[in-house]
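Just so we're on the same page: letters track the sequence lines, and every chain starts at 1.
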Protein chains: 2
Amino acid sequence: MEISKDLIRGHTDTIILNILNQGDSYGYQVSKSIRQLSDQQYELNEATLYTAFRRLEKLGDIESYWGDETQGARRKYYRITSQGQQHLATALDEWRFAKKVISNLISGRIEL
Amino acid sequence: MEISKDLIRGHTDTIILNILNQGDSYGYQVSKSIRQLSDQQYELNEATLYTAFRRLEKLGDIESYWGDETQGARRKYYRITSQGQQHLATALDEWRFAKKVISNLISGRIEL
DNA sequence: ACAAACTACTATGCTTGTCAAAGTAATTTG
DNA sequence: CAAATTACTTTGACAAGCATAGTAGTTTGT
């Protein structure tokens, strides 16, 4: 079973915030976390991921800093801000609500 | 609580198929059914609705015919096809699956 | 030693679903 | 008789996500 891209759309930012909320991380690792959290069911496109990082940083939900790797490739780390944590909490509430509404819409019976 | 547009994205076709699966209908009535099924929480933009009709008809999931209203404005009715019913069933399975994956992604803990 | 694979980030251009806004036209209500 | 409602269509724009390609350093296998 594969998940259509449009079903994930709108969750990308929340997914990233959830991961960063558990500790600072960088692109490649976030990508692997997503694969792991979804039991190998979902993989985020690299371009989408880095686009989201830039969007979230612009919004003030995350902050970035270059790691001081003495060996290995340079890494840009991301940290969630307190505003980002608030947005994460809001998004989770919204999801719990939307889940019910969507379920009704796609499988509920109409009474007229 | 309002539902972000992106959370519904990708469900529009399924919502329409679900409604038509309960009987032929036309634009305005489908629109009202959506409002009713969502407890007034969600309203689909007209342009989006009619765009979806055209998309679904092109795909062969629905068929249309003009009603023979003797009075009242002309109405274009839509009927779900058996292919549409199959796609509806598939979409419902996909949703049940996606719901779990998304929940994990936005609130699950990472174990590394 | 050298190629292949992996890590890590960036940039460009396209597709697609949805929306806002405006238009057409008939009917019903106050 | 104006305003609201029913009913459908068209146009243009936007934003998320994607494919693709590029840069550059590191690790692994033979």
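The interatomic distance linking A:Arg75 (CZ) with C:dC6 (P) rounds to 17 Å, in whole Å. Nucleotide C:dC9 holds its P atom 12 Å from the CD1 atom of A:Ile16, rounded to whole Å. Between the CZ atom of B:Arg35 and the P atom of D:dT5 there is a distance of 11 Å, given to the nearest Å. The separation between A:Phe53 atom CZ and C:dC9 atom P is 8 Å, rounded to whole Å. Spacing between atom CD1 of A:Ile3 and atom P of D:dC18 amounts to 12 Å, rounded to whole angstrom units. Atom-to-atom, CD of A:Glu57 to P of C:dC9 comes out at 12 Å; the value is rounded to the nearest Å. For B:Tyr77 and D:dT6, the OH to P distance is 14 Å, given to the nearest whole Å.
With sequence neighbours excluded, the residues that form a side chain to side chain contact (heavy atoms under 4.5 Å, CB included) with B:Arg79 are B:Asp24, B:Glu63, B:Tyr65. Every residue two or more places apart in sequence or in another chain that forms a side chain to side chain contact (heavy atoms under 4.5 Å, CB included) with A:Arg96 is listed here: A:Leu92, A:Asp93. Among residues two or more places apart in sequence or in another chain, the side chain to side chain contact (heavy atoms under 4.5 Å, CB included) test is passed with B:Gln22 by A:Arg109, A:Ile110, B:Asn18. Take A:Ser4 and apply the side chain to side chain contact (heavy atoms under 4.5 Å, CB included) test, not counting sequence neighbours, and it matches A:Asp6, A:Leu7, B:Glu94. For B:Asp61, the side-chain hydrogen bond (donor to acceptor under 3.5 Å, both in side chains) partners at least two apart in sequence or on another chain are B:Gln83, B:His87. The salt bridge (charged side-chain N to carboxylate O under 4.0 Å, His left out) search around B:Glu57 returns none, not counting sequence neighbours.
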> Can you give one letter per nucleotide of nucleotides 11-21 of chain C, 5' to 3': B if a protein heavy atom sits under 4.0 Å from the base, S if only from the sugar-phosphate, - if neither?
Replying inline: B-----BBBBB
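The two residues B:Trp66 and B:Arg75 make their nearest non-hydrogen contact at CE3-O, 3.4 Å. Of all the heavy atoms in B:Leu105 and A:Ile34, the pair that sits closest is CD2-O, 3.6 Å.
Position along DNA chain D of the nearest nucleotide to B:Lys32 versus B:Tyr78 favours B:Lys32 as the more 5'-ward residue.
The ring pair (Phe, Tyr, Trp, His ring centres under 6.0 Å) pairs that include a residue from residues 12-48 of chain B are B:Tyr26-B:Tyr77, where partners are two or more places apart or lie in different chains. Pairs of residues two or more places apart, or lying in two chains, that qualify as side-chain hydrogen bond (donor to acceptor under 3.5 Å, both in side chains) and include a residue from residues 99-108 of chain A are A:Ser103-B:Trp95.
For C:dT10, the OP1/OP2 oxygens have no side-chain nitrogen or oxygen of A:Tyr50 closer than 4.0 Å.
Residues from residues 17-28 of chain B with heavy atoms under 4.0 angstrom of DNA chain D, sorted by number: B:Tyr26, B:Gly27, B:Tyr28. Of all the residues in residues 94-106 of chain A, not one reaches under 4.0 Å from DNA chain C with any non-hydrogen atom.
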Side-chain donor-acceptor pairs under 3.5 Å in residues 43-54 of chain B, sequence neighbours left out?
residue, atom, partner, partner atom, Å
B:Asn45, OD1, B:Ala47, N, 2.8
B:Thr51, OG1, B:Ala47, O, 2.6

